[in-house]
Amino acid sequence: MAAPAQEELEALAAIFCGPGEWEVLSRSGTQGAVCRVLTKAEGPSGADTPLELVFHLPAGYPACLPGVSISSERLTRAQCAAVRDKLLEQAQGFLPEPMVHQLVVWVQQNLRHLLAAPGSGAGPGTCPAASATEAEGPWMTLLHLDHMRAKTRYVRTVRQWASALGLTGRLLFMGSIILLLLQGHRDRVKEYLVLQKTSKVDVDSSGKKCRERMASVLWEARAPPGHARFLAFEVKEFSSLDELRKEFETAGLEALFPEFVLGLVK
């Protein structure tokens, strides 16, 4: 399997960590992997509908679409097939990036609409449940990471988590200062924070994998009106405090700089 697919499986195991939520059913270098996610989504009546989603990730994934099957004790075969078809249409828009988590989230957000209006529900690239939230602006958080001993591995993990959760933002380095700006759906940002605190993302002084115990949330709120939304997740390094300040200004987040960043300068 491709490295992005391997990394996605690791991220998914950390995200779906509840009892029975996640299972890798098979894994092969030539046949790819088959994994299962047990989740719930709101049905037309407002009640939770249990869902079992099985993804077949072929050897060429994520450059090609995964195979998907959906089943539920509360849905008919025809309903499951209709939801699956819409999910595969949505998947086209995620190529060639890892997409399992985004697809699960899409089903969670859209099942009610798909079942309420069979054949005319949420189409590719739309998400009615999230429209109001997006109109108000995405959720954002600013984190301070104390250090990175295994920088390459740490950065790769942060990128993978952001991709799996559908988050955009910036990982910013300036001298000893490390800042992480994340933007996206509020629940996904919260999931990232759980991963940051509970996963072994760095190494200790002896080289053993360890959790990030010194990360702190400096700010968290709905994106301010003047913010220029991030279209991707990028890693940037700056040689001076003035360059870092200009990055915040360009993003329309200049008010955060004197309040939260200047105090980190030693």
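Shortest non-hydrogen contact noted between Gln160 and Pro4 is OE1-O, 4.1 Å. Nearest heavy atoms, Leu145 versus Ala215: CD2-CB, 3.7 Å. Closest heavy-atom contact between Pro58 and Pro66: CD-CA, 4.0 Å. Pairing each heavy atom of Arg153 with each of Asp202, the nearest pair is NH1-N, 3.7 Å. Scanning both residues, Leu51 and Ala41, for their nearest heavy atoms gives CD1-CB, 3.9 Å. Among all heavy-atom pairs drawn from Cys80 and Ser72, the shortest one is SG-N, 3.9 Å.
Contact check for Leu65 versus Met99: side-chain heavy atoms found under the 4.5 Å cut-off. Between Leu244 and Val261 the shortest side-chain heavy-atom distance falls below 4.5 Å. By the 4.5 Å heavy-atom criterion applied to side chains, Cys35 and Trp22 are counted as neighbours. For the pair Phe55 and Leu103, the minimum side-chain heavy-atom distance is below 4.5 Å. Between Pro50 and Arg74 the shortest side-chain heavy-atom distance falls below 4.5 Å. Using a 4.5 Å cut-off on side-chain heavy atoms (C-beta onward), Asp187 and Val105 make no contact. Taking 4.5 Å as the limit, every side-chain heavy atom of Asn110 sits out of range of all side-chain heavy atoms of Leu87. The shortest side-chain heavy-atom distance between Leu182 and Met140 does not fall under the 4.5 Å cut-off.
Between the side chains of His56 and Gln31, no donor-acceptor pair of N or O atoms lies under 3.5 Å. With hydrogens and angles left out, the side-chain atoms of Asp242 and Ser240 include no donor and acceptor closer than 3.5 Å.
Note: the hydrophobic cluster containing Ile15 also contains Val24 (ILVMFWY, side chain heavy atoms under 4.5 Å, direct or indirect links). Clustering ILVMFWY residues whenever any of their side-chain heavy atoms sit less than 4.5 angstrom apart, transitively, puts Val235 in the very cluster that holds Ile178. Linking Ile, Leu, Val, Met, Phe, Trp and Tyr whenever their side-chain heavy atoms come within less than 4.5 Å puts Val155 and Leu193 in one cluster. Linking ILVMFWY side-chain heavy atoms closer than 4.5 Å, directly or via other members, places Val194 and Val189 in two distinct hydrophobic clusters. At a threshold of 4.5 Å between side-chain heavy atoms, the hydrophobic network of Ile, Leu, Val, Met, Phe, Trp and Tyr places Val54 and Leu9 in two separate groups.
How far CG of Leu143 is from CG of Leu179: 9.0 Å, rounded to the nearest 0.5 Å. Separation of atoms NE2 (His147) and OG (Ser176) is listed at 12.5 Å; rounding is to 0.5 Å. The structure places CG of Leu256 at 14.0 Å from CZ of Arg245, a figure rounded to the nearest 0.5 Å. Atom CG of Leu53 is separated from atom CG of Leu38 by 8.5 Å, given to the nearest 0.5 angstrom. Here the straight-line distance linking atom CG of Leu180 with atom CG of Leu142 works out to 8.0 Å at 0.5 Å rounding. Separation of atoms CG (Leu57) and CZ (Arg27) is listed at 10.0 Å; rounding is to 0.5 Å.
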* To do: Give the C-alpha distance, both sets of side-chain angles, the deciding distance and a yes or no for side-chain contact (heavy atoms from CB on, under 4.5 Å) between Leu241 and Met174.
  => CA-CA 7 Å; Leu241 196 60; Met174 200 289 295; 3.7 Å; yes
* Could you give me the CA-CA distance, side-chain angles and deciding distance for Trp219 and Glu259, then say whether side chain to side chain donor-acceptor pair (under 3.5 Å) is met? => CA-CA 10 Å; Trp219 169 81; Glu259 185 173 356; over 6 Å; no
* Would you check, one step at a time, whether the test side-chain contact (heavy atoms from CB on, under 4.5 Å) holds for Val100 with Phe94? => CA-CA 10 Å; Val100 171; Phe94 292 126; over 6 Å; no
* Take Gln196 and Val201 through the test side-chain contact (heavy atoms from CB on, under 4.5 Å) and record every step on the way to the result. => CA-CA 8 Å; Gln196 184 75 58; Val201 66; 4.3 Å; yes
* Give the intermediate values and the outcome of side-chain contact (heavy atoms from CB on, under 4.5 Å) for residues Lys200 and Lys208. => CA-CA 9 Å; Lys200 293 182 177 180; Lys208 294 181 179 179; over 6 Å; no
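No donor-acceptor pair under 3.5 Å is formed between the side chain of Glu52 and the backbone N or O of Ile70. Here the side chain of Gln102 pairs a donor or acceptor atom with the backbone of Ser163 at under 3.5 angstrom. Glu21 places a side-chain N or O within donor-acceptor distance of the main-chain N or O of Gly18, the cut-off being under 3.5 Å. Of the possible polar contacts, none joining the Glu243 side chain to the Phe238 backbone as a donor-acceptor pair under 3.5 Å is found. In this structure, Gln79 contributes its side chain and Thr76 its backbone to a donor-acceptor pair below 3.5 Å.
Classification of the Trp161-Tyr192 ring pair by plane angle, with boundaries at 30° and 60°, yields perpendicular.
Partners of Thr39 by side-chain hydrogen bond (donor to acceptor under 3.5 Å, both in side chains), not counting sequence neighbours, listed by chain and number: Gln108.
Electrostatic pairing of Arg188 and Glu191 counts as a salt bridge here, judged by a charged N lying under 4.0 Å from a carboxylate O. Lys190 and Glu220 are joined by a salt bridge, as a carboxylate oxygen and a charged side-chain nitrogen come within less than 4.0 angstrom of each other.
Applying the 6.0 Å contact sphere to NZ of Lys40 captures no more than 12 heavy atoms from other residues, nucleotides or ligands.
Annotation: cation-pi pair Lys151/Phe173 present, NZ/CZ under 6.0 Å from the ring centroid and within 45° of its normal.
Aromatic ring centroids of His101 and Phe16 lie under 6.0 Å apart.
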